[in-house]
There are 2 protein chains.
Amino acid sequence: MSKTKPFPPTLKQLLLKGNEQIHPGVSVDCVIFGFHENVLKILLLEVKQANIWSLPGGFVLKNEEVDDAAYRVLALRTGLDNIFLQQFHAFGNPNRSDVTFHQLKFQEYGIKIPKDNWLTQRFVTVGYYALIDFSAAIIKADSYDSTYAWVDVQKIGTLMMDHNFIVEKALETLRTQLAYLPIGKNLLPKKFTMPEIQKLYETILNKKLDRRNFQRKMLGFGIFNKLNETRKGGAHKAPFLYTFNDKKYQKALKDGLYGSW
Amino acid sequence: MSKTKPFPPTLKQLLLKGNEQIHPGVSVDCVIFGFHENVLKILLLEVKQANIWSLPGGFVLKNEEVDDAAYRVLALRTGLDNIFLQQFHAFGNPNRSDVTFHQLKFQEYGIKIPKDNWLTQRFVTVGYYALIDFSAAIIKADSYDSTYAWVDVQKIGTLMMDHNFIVEKALETLRTQLAYLPIGKNLLPKKFTMPEIQKLYETILNKKLDRRNFQRKMLGFGIFNKLNETRKGGAHKAPFLYTFNDKKYQKALKDGLYGSW
DNA sequence: ACAAAAGTGTTACTTTTACACCCATGA
DNA sequence: TCATGGGTGTAAAAGTAACACTTTTGT
């Protein structure tokens, strides 16, 4: 500890009185996906003092719906509201506790967290994944003064605690749901091209798809509007732009893309 | 209160010291499916004093994996071990608290639960569903002296708190997973006939299926062994018996039944 | 012998896959 | 003018859906 910063009252309050406002033993963690330059990325925060990266997460307030806690975290971090956010799994490993994380955080202020403080107990965390429009998000690091980064899902290093596992599970869920949910709306800008959404699907599935069959299938879902504009840019024919047909998109979200059986 | 029973020390301990052993604010609830006489049923417990039915559930111990808590509840209730048990959703409504339930329970012993006791706070519950062989289960009601019943999923009345919602969600999950998981192994006896498993599928999907197409599809999965025995009984041709091919079943559980994409 | 339900196969239809040629764009 | 990548259509293959007659069993 080179220098001890003044302990912010809010942090102190968190430590001593947090348990009065915070639902005990439960947290939320968000795997926030964005798609940028044809790469699927997730938003990570760095715990500077601990020199380790983690998922954006937070506590659940007493009297707060757990889903709302996740929305709160998402809005706090991205400035975005009204987003595709989906719970995918609860993680209940008995070793999941943020002891090291919190100790390092508070250590910075010359504070040692007392034994048996509510903060150091095991937290069961509920995992959510969000699909956001990369270009619309304005990321904020948190009061714990972390920094952030968008990291290619293919190149994620070692994360805090079981966060790598959580990301894996989120990806797995996303892959599964791709088959029956209209993914893309929130990951892509309003107007997008077929090659763009195809790239998105290929990235998520980690697999090349046939251009023509992909387009036929996608259009077959009937959830797109074809615009009379093209996106110029490359040394090739300019692809058409599409938007999601909101009404049909909402229906597909509810009913799924296939009936099966 | 006609007569107050002696307050059992274990219950008293639960009230006063439970928070020392129990992970705060989190519980598990199990939707236990069984298939009997061609009807899909779930196991419900009656809270006698409250005259209301509920899902079998329980607390999570400190240092206990949440999944293990669900296994514990399942084993406690059914005597069964090594069962298909799957987490499907966490329920975090801020109103979910067992206040009435617990009050009525303790009232029976002439005890009023103090305000702010750990028992009466909101619990976030993690929902699990299990598929069990109805004929193999030996059901135990719990120390809270409830009684139990297997109830047709089509005829479930009003349950405690949000338990109806939990059951709905479990059914929905089961329906979705039917498309890519080999359901049936745990719901059916070791040997079963095509008409039996078809009935099971029809019940879960709430839809009639074509006998011939169903059989072709099922057998196409390659996870059954056809036996040289038939099940006699009705005034009609005796259907053949099948068993699951364990090796291929396990593989299908892991990889799913289709590849898609 | 009759009613009830199971065994079995074929044909039409739909969906998926594989594949090739032409066209607009920017360098 | 050329390289790049997008637009488009068709034929073969696989999978799904629809459908009828025969067989076994118990009464």
For the side chain to side chain contact (heavy atoms under 4.5 Å, CB included) test, which of B:L43, B:I204, B:L174 pairs with B:F33?
-> B:L174

Separation of D:dG15 atom P from B:M218 atom CE, nearest Å, is 16 Å

Starting at CZ of B:F214 and ending at P of C:dA5, how long is that distance when rounded to a whole Å?
-> 18 Å

Spacing between B:K232 atom NZ and C:dA4 atom C1', to the nearest angstrom | 16 Å

By side-chain hydrogen bond (donor to acceptor under 3.5 Å, both in side chains) - contacts of A:R211 (at least two apart) = none

Atom-pair distance (NZ on A:K217; P on C:dT15), nearest Å = 11 Å

In 5'-to-3' order, the base (B), backbone-only (S) or no-contact (-) status of each nucleotide in nucleotides 4-14 of chain D, using a 4.0 angstrom heavy-atom cut-off, is BBBBBBB----

Using the side chain to side chain contact (heavy atoms under 4.5 Å, CB included) rule, pick out the option among B:L74, B:D133, B:T78, B:L131 that qualifies with B:I83.
-> B:L74

What's the CG-P distance between B:L209 and D:dC19, to the nearest Å?
-> 15 Å

When A:F192 is tested against each of A:F224, A:F134, A:F240 for ring-ring contact (aromatic ring centres under 6.0 Å, His included), which residue passes?
-> A:F224

Return the value, rounded to whole Å, for the distance between atom CG of B:L241 and atom C1' of C:dA6.
-> 13 Å

side-chain hydrogen bond (donor to acceptor under 3.5 Å, both in side chains) involving B:K191 - partner list, sequence neighbours excluded | B:E229

Centroid-centroid under 6.0 Å between B:F165 and B:H163 rings = no

